[in-house]
Protein chains: 4
Amino acid sequence: MTAKPRGRPRNAQTDTAILEAARDLMAADGYERMTIEAIAARAGVGKQTVYRRWPSKAAIVAEAVMAGHLGIRADAPPRTGDAAADLRTWLGQFFGQLGQPATVAVIRGLAAAATDGGTEAEQLYERFTGPGREQMLDLLRLGVEHGQFRASLDIEAAADAISGTLLYRALIPPSAVVDTDAAGFLDLLLLGMTPRTSPGGTRPERR
Amino acid sequence: MTAKPRGRPRNAQTDTAILEAARDLMAADGYERMTIEAIAARAGVGKQTVYRRWPSKAAIVAEAVMAGHLGIRADAPPRTGDAAADLRTWLGQFFGQLGQPATVAVIRGLAAAATDGGTEAEQLYERFTGPGREQMLDLLRLGVEHGQFRASLDIEAAADAISGTLLYRALIPPSAVVDTDAAGFLDLLLLGMTPRTSPGGTRPERR
Amino acid sequence: MTAKPRGRPRNAQTDTAILEAARDLMAADGYERMTIEAIAARAGVGKQTVYRRWPSKAAIVAEAVMAGHLGIRADAPPRTGDAAADLRTWLGQFFGQLGQPATVAVIRGLAAAATDGGTEAEQLYERFTGPGREQMLDLLRLGVEHGQFRASLDIEAAADAISGTLLYRALIPPSAVVDTDAAGFLDLLLLGMTPRTSPGGTRPERR
Amino acid sequence: MTAKPRGRPRNAQTDTAILEAARDLMAADGYERMTIEAIAARAGVGKQTVYRRWPSKAAIVAEAVMAGHLGIRADAPPRTGDAAADLRTWLGQFFGQLGQPATVAVIRGLAAAATDGGTEAEQLYERFTGPGREQMLDLLRLGVEHGQFRASLDIEAAADAISGTLLYRALIPPSAVVDTDAAGFLDLLLLGMTPRTSPGGTRPERR
DNA sequence: CTTTAAACGAGACGGTACGTCCTGTCTTATT
DNA sequence: AATAAGACAGGACGTACCGTCTCGTTTAAAG
C-alpha cells in the first residue's frame with residue numbers, strides 16, 4: 001500500500017498533453033528527430049515535468065503507443081470461435097494500417113527506440129509486444145486445438161514470424177513494398193494452403 | 001564516362017580506416033551512441049574527411065556492411081541442387097550469427113539507420129537486402145519448381161517473412177529470444193511439415 | 001521597469017569567472033589567438049553559457065575592460081587644482097602601463113575587437129573611451145580656463161590626439177617604441193613648451 | 001649572384017590578381033572576415049600559389065597597401081620650401097581619405113594585422129609606416145630649421161602623435177568622428193597657434 | 001488559517017556532438 | 001619548377017539537446 005501523497009498532486013491532463021505532443025511530433029519528424037525539448041514545448045510544459053514522468057524518449061513513445069495515442073490500435077481480437085478467421089481479421093487491422101504514414105512512423109520509432117539499447121529496449125519489447133503477443137498465442141493455440149492449424153506448429157516461432165514480418169514491412173521503403181494482403185500472408189505462414197491473392201492476382205513489378 | 005579527376009586523389013586506405021573504425025565503435029557502443037566525431041578520431045582522420053565521403057552515419061554503416069567490414073557475411077549460398085537444403089544451410093549462417101553480439105549490434109544499427117529516414121533508408125534497403133534477396137528468391141523459385149515447396153507459394157512474401165523474422169530476432173532483447181533453429185523456422189514457413197525441434201524438445205521459459 | 005525574471009536566475013559569479021578567464025587568456029595568447037572555447041573551458045563553464053551572455057569575443061573583451069578585469073586602470077584623475085599637473089599624472093598612469101605586456105595585449109585586443117566591425121565597435125568605443133574621455137575633456141577645459149593651456153585649444157581634437165597616440169604606442173612593435181615620457185608628450189601637444197626629456201637626454205637609436 | 005632559375009617561371013600577373021582580390025575582399029568583408037581561401041578563389045588561383053608568395057594574410061595586406069592596390073595613397077609630399085604648408089597638404093591627403101569607407105577598412109585591417117602578433121606586426125609596421133615616416137620626419141626637421149616649428153620640438157614624438165591620431169580616427173565609429181580638419185590638427189600639435197576652424201566654427205554635437 | 005511539501009513553467013547550467021569553415025600542408029596531373 | 005585543383009589533419013565556430021539544477025508560483029493536505 002502506497003503512502004498517502006503529500007504536496008501538489010500531479011495533473012493528469014499533463015500526461016495526455018505530453019503523449020499527444022509526442023504523437024504529433026513523431027508523425028511529423030520521426031522518432032530520431034523528435035526531441036524531448038520539443039515535446040515539452042508543444043505540450044506547454046516544463047522539461048522537468050516530462051522527466052518526472054518518463055525516464056526516456058523511448059519510454060514516452062512506448063506509453064503513447066500503449067495508451068492508444070499513437071496510430072497502432074491494439075484492440076482485442078474478435079472471438080467468433082473460428083480462430084483462423086479471427087486471427088486473419090485481427091492481423092488485417094495491422095497490415096491495413098501499414099499504408100498510413102503515421103503508423104509506419106510509429107513502428108519505425110519503436111524499432112529505433114529498441115536499438116537505443118539498455119533496459120529501455122526490454123521495457124519496450126515487453127510493453128509493446130507483450131499484450132498483443134498473448135492474444136496472438138491464444139488464437140494460435142486455439143487454432144491448433146480446433147485442427148485449423150497443423151498440430152506440429154511452433155506457436156512461439158509463428159508469433160515471432162508474424163511480428164517480424166509486420167516490422168519488416170514497416171521498415172522497408174514504400175517503393176519496395178509488396179502488396180500481399182494479410183490473409184494471404186497468414187496462409188503462407190500457417191497452412192500450406194493456397195493464399196487468397198489480391199483481386200487481379202498479378203503481382204506488381206518491384207521498382 | 002567520368003570526367004578526368006583533378007587535384008589530389010582521395011586516399012583509398014582512408015575509406016578502409018573509417019569503415020573499420022565504424023565497425024569497432026558500432027560493436028562497442030551501438031549505432032546510436034556511436035558518433036561521427038569518434039569515428040574520425042579512431043580512424044586518425046579529420047571530421048571533414050568523413051563528411052567528404054559519406055553524408056551521414058547511416059550511409060557509413062550501410063557501406064561498412066556491404067564492404068564486409070561489419071559482421072554479417074553474405075556469402076553466396078551453396079548450390080547442391082537440393083534447394084530446400086541449400087536454403088536451410090544458407091539461412092543457418094545468419095541465424096547462427098544472431099548469437100554474436102557484434103552481429104546483433106550491426107542489424108540493430110541497420111534498423112536504426114533505416115529509421116533515420118530520407119533517401120538513405122532506401123539506399124540501405126537496396127544495398128543491404130538487395131543482393132541477398134535475389135539469392136533467396138532464386139532458391140525459393142527453384143524449390144517450387146522441384147516440388148520441394150508447395151506450388152502456390154508467394155515467393156516474394158516468403159522472402160519478406162524470412163527477412164522480417166531475422167530482423168525481429170535481432171531487435172528483441174536477448175532475454176526474450178526463442179531458440180528455434182533456422183531449419184525449424186524454414187519448415188514452419190514453407191512446408192507445413194513438422195519442424196525439427198532442438199534436442200530435448202522442451203521450450204525454455206521466457207524471462 | 002524590467003519584466004519580472006522567470007526561471008533560474010543567472011549566476012553572477014559565472015560572469016566574473018568568464019571575464020577573468022578572458023583576461024588571463026588575453027594576456028597569454030593575445031586577442032586573435034584566444035578562443036571562446038578556451039575561455040569557457042578555463043572558466044569551467046559550458047560554451048552556451050558564454051554565448052548566452054555575450055554575442056561575441058569583442059563584447060567579452062569590452063566588458064572585461066570596463067569591469068576592471070583587464071589591465072588598464074581608469075582611476076579617477078587627481079584634482080589638485082593644477083589641471084596641467086593632474087593631466088600629466090593621470091596620463092602617466094597609462095603611458096607607464098605601456099611597458100607591461102598585459103596592458104599592451106589588452107589595447108591591441110581592443111583595437112582588434114574594434115575592427116571586428118558591427119555594432120560592437122561602437123559599443124566598445126563608447127564604453128572604453130567614453131568615461132575616460134570625459135575626465136580628459138574636463139581637465140583640458142579647466143586648464144584652458146586657468147590659462148595653463150592656450151585659449152584657442154580645440155579640446156576634442158586634443159583628446160583624440162592623446163587617445164590616438166596612446167593607441168599607436170601600444171600597437172607598434174616594442175622594438176620601435178620611442179621612450180618619450182608622458183609629460184613630454186603632453187607638453188608637445190598642448191603647450192609649445194620645452195618638453196622635459198628623459199634623464200641623459202639622448203634618444204636611443206631605432207632598431 | 002643568384003643561380004639561374006629552372007623550371008616554369010612564376011607568373012607576374014598572378015601577384016597582381018591576388019593583391020587585387022585581397023583589395024576587393026578587404027573592402028567588402030573587412031580584414032578579419034577575409035580568408036586566404038577566398039582570395040585564392042577570387043584571383044582564380046590555387047591556395048598554394050598564394051602561400052608560395054606570401055607567408056600570411058598580414059603580409060598580403062601589407063604588400064597590397066604598399067603596391068598601391070589598397071586605398072591609401074602615399075604619394076611623395078610636395079616640396080615647395082614651406083615645410084609647414086607641405087606637411088599640411090600631405091597630411092590633408094590622408095585625413096581626406098578617412099571619409100572613404102574603403103580607406104577606413106584598410107587602416108582597420110592594418111591595425112588588426114598588427115595585433116596578429118609575431119613578426120608580421122613588425123614587418124607591417126616597417127613596411128607601412130616606414131617610408132611615410134621618413135617623409136614626415138624630413139618635413140618636421142625642415143620646419144624646425146626654418147623656424148616654422150618651435151626649436152624644442154621632439155620630432156619623433158610628433159610623428160607618432162600624427163600617426164596615432166590618424167589611426168585613432170580610422171578606428172573609432174563614424175558616428176563619433178569629430179570633424180576637425182587636418183590643418184587645424186597640425187596647428188594644435190605643432191604650433192600653439194589658433195587652428196583654422198571649419199566654416200561656421202561651431203562644433204557639431206557628438207551622437 | 002497557516003504551514004509544509006510536492007508539482008509546475010521557466011530557463012540557466014556543464015556537457016557533448018553536430019555539420020561547416022578555414023588553416024597550412026600535401027599530393028596529383030598539367031604546363 | 002610552377003600551377004589549378006583539391007584532399008588532408010586539425011581545430012574553432014555557433015547551434016541544438018541532453019539531463020540536471022534552481023528560481024518563484026501554485027495547489028493540496030496536515031497541523
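A note on names: the letters A, B, ... follow the listed sequences, proteins ahead of strands, and every chain is numbered from 1.
Applying the side chain to side chain donor-acceptor pair (under 3.5 Å) criterion to A:Arg53, with sequence neighbours excluded, gives A:Asp15. Among residues two or more places apart in sequence or in another chain, the side chain to side chain donor-acceptor pair (under 3.5 Å) test is passed with A:Gln48 by none. Contacts of A:Arg6 classified as side chain to side chain contact (heavy atoms under 4.5 Å, CB included), with partners at least two apart in sequence or in another chain: none. Applying the side chain to side chain contact (heavy atoms under 4.5 Å, CB included) criterion to C:Ala17, with sequence neighbours excluded, gives C:Ala43.
Atom CD in A:Glu32 sits roughly 15 Å away from atom C1' in E:dA17 (whole-Å rounding). In this structure, A:Glu37 places its CD atom 15 Å from C1' of E:dC18, rounding to the nearest Å. As a whole-Å value, the separation of A:Asn11 CG from E:dA6 P is 18 Å. Taking atom CH2 of B:Trp54 as the reference point, atom P of E:dG19 lies 15 Å away to the nearest angstrom. Taking atom CZ of residue C:Arg33 and atom P of nucleotide E:dG24, one finds them 11 Å apart after rounding to whole Å. The CZ atom of A:Arg10 sits 7 Å away from the P atom of E:dC8 (whole-angstrom rounding).
If you find the closest nucleotide of DNA chain F to C:Met34 and to D:Arg53, the one lying nearer the 5' end belongs to D:Arg53. Of the residues near DNA chain F, C:Thr35 and B:Arg52, the one whose nearest nucleotide (by heavy atom distance) lies more toward the 5' end is B:Arg52. Sequence order on DNA chain E of the closest nucleotides to B:Ile36 and C:Gly46 puts C:Gly46 first from the 5' end.
One finds the NZ atom of D:Lys47 at 4.0 Å from the CD atom of D:Glu37 (value rounded to the nearest 0.5 Å). In this structure, OG1 on C:Thr35 lies 8.5 Å from CG on C:Asp29, to the nearest 0.5 angstrom. With rounding to the nearest 0.5 Å, the separation of CZ in D:Arg23 from CE in D:Met34 is 12.5 Å.
Counting all heavy atoms, side chain and backbone alike, B:Ala21 lies closest to B:Ile39 at CB-O, 3.7 Å.
Running 5' to 3' along DNA chain F, contacts with non-hydrogen atoms of chain D at under 4.0 Å begin and end at F:dA1 to F:dA4.
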Checking B:Arg42 against B:Glu20 for the side chain to side chain contact (heavy atoms under 4.5 Å, CB included) test, could you report, in this order, the C-alpha distance in whole Å, the side-chain angles of both residues, the deciding distance, and whether it holds?
CA-CA 9 Å; B:Arg42 178 174 248 269; B:Glu20 289 182 346; over 6 Å; no
What does the B/S/- profile of nucleotides 25-31 of chain E look like, 5' to 3', with a 4.0 Å heavy-atom cutoff to protein?
BBBB-SB
